2 protein chains.
Amino acid sequence: MKKYLDKLKKNNLKITSKRVAILELLERSGEALSPEDIRNELAAKFEKVSYPSVYKNLEDMSRIGVLAKIARPDRRLYYALCRAREDKHHHHIICSKCGKVGEVEECDLFRRKVINGYRITSHFLQLEGICSDCGK
Amino acid sequence: MKKYLDKLKKNNLKITSKRVAILELLERSGEALSPEDIRNELAAKFEKVSYPSVYKNLEDMSRIGVLAKIARPDRRLYYALCRAREDKHHHHIICSKCGKVGEVEECDLFRRKVINGYRITSHFLQLEGICSDCGK
DNA sequence: CCTTAATTAGAAATGATTTCTATTTATACC
DNA sequence: GGTATAAATAGAAATCATTTCTAATTAAGG
């Protein structure tokens, strides 16, 4: 958490309770969440949470590289903690029934620099399935 | 072009002048275009072109696999002709600068039945990068 | 041709995101 | 610790890509 807050300071973004709560939520969940998801979670913790400040915080924090912004075919934007340094490269798989999220490390796209003439700048992989509990 | 029209027929989509014009436009441009781009191009050719039918055509044709739908961080949807061999599993990569779309066949996830205990039901992979022309 | 179901245009609605503005708050400096 | 000030915030209203609704038109099979 400290390294994210340091990065905020370094970029002249103040350490506000809302920003800390957003970062903690994204760290805890490990998923890409929508602004609406995030506002709803924060609403349980704070008396007042406005959409504009949630949107602005997500945008500001992704601009400085603390968060990753993800575009999906539902035309909504999703945000996830950018864990650039730590951990292994991975993606998430979501259980269609219970919503449980697991990690998928079988992805070697991050090693590829060029595919079919394109120098890759980003890739987004999303998996859906039935987890072992629900599949019994 | 014929193979696209055949696929429309096979899926009970009629061969209308608007659909043909959309396919020709996408084939000619080779890029992923927005519904707005497409409507504007068509407006030069037809007296009347409504947004709802452009949107519906793009959605219908991507549903049956003739077009690929691409979500980008500007929160708009883009559509490109799906040129890969029909039966070959593939994904798409879009150039961040010029919008050119290429096919990516290096994906072996579709062969995996189970990952990390999850029985996979679907996966979505989207790549972004700089194409060879723009990278010069 | 004729019939019928699909397609279309236009107007209005939708809903995620953004803008605007006045108030509050974090932080640098004393 | 107190204060100035620039950033952050909430709430109301606006924006704009996309969708819904409806009646008129059209493709395609018989």
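Letters A, B, ... are given to chains in the order of the sequence lines, protein chains preceding strands, and every chain is numbered from 1. Source: prediction; values computed, not measured.
Put simply, CG on B:Asn12 is 17 Å from P on D:dA27, counting in whole angstrom units. Distance CZ (B:Arg19) to P (D:dT26): 15 Å, rounded to an integer number of Å. At whole-Å resolution of the value, CG in A:Leu8 and P in D:dA8 are 9 Å apart. At whole-Å resolution of the value, NZ in A:Lys14 and C1' in C:dT24 are 10 Å apart. In this structure, A:Lys48 places its NZ atom 13 Å from C1' of C:dA22, rounding to the nearest Å. To the nearest angstrom, C1' of D:dA7 lies 9 Å from CG of A:Leu13. The distance between atom OH of B:Tyr51 and atom P of C:dT14, rounded to the nearest whole Å, is 21 Å. At whole-Å resolution of the value, CD1 in B:Ile15 and P in C:dT8 are 11 Å apart.
Among the heavy atoms of the strands lying under 4.0 Å from B:Pro52 is at least one base atom, whether or not backbone atoms are also near.
Look at A:Ser53 and you'll find a side-chain N or O under 4.0 angstrom from OP1 or OP2 of D:dA10. OP1 or OP2 of D:dT26 has not a single side-chain nitrogen or oxygen of B:Thr16 nearer than 4.0 Å. At least one side-chain nitrogen or oxygen of A:Tyr55 sits closer than 4.0 Å to the OP1 or OP2 atom of C:dT17.
B:Lys69 has its side chain out of reach of B:Arg63: every pair of non-hydrogen atoms, C-beta onward, lies at least 4.5 Å apart. Considering only heavy atoms from C-beta on, B:Pro35 stays 4.5 Å or farther from B:Ile38 through its side chain. Contact of the B:Arg19 side chain with the B:Tyr4 side chain is not registered, since no non-hydrogen atoms from C-beta on lie closer than 4.5 Å.
Nearer to the 5' terminus of DNA chain D, by closest-nucleotide assignment, is the contact made by A:Asn57 (compared with the other of A:Asn57 and B:Lys9). Along DNA chain C, the nucleotide nearest to B:Phe46 and the one nearest to A:Ser17 differ in position, and the one closer to the 5' end is contacted by B:Phe46.
Picking from C:dT7, C:dA16, D:dT18 the nucleotide with the shortest atom distance to the side chain of B:Leu77 gives D:dT18. Distance from the side chain of B:Ser50 is smallest for C:dG10 among the nucleotides C:dT7, C:dA16, C:dG10. Which of D:dT18, C:dT7, C:dA9 sits closest to the side chain of B:Lys18 comes down to C:dA9.
Under the 4.5 Å side-chain heavy-atom criterion for ILVMFWY residues, a single connected hydrophobic cluster contains both B:Ile64 and B:Leu26.
Nearest heavy atoms, A:Leu5 versus A:Ile15: O-CD1, 3.6 Å.
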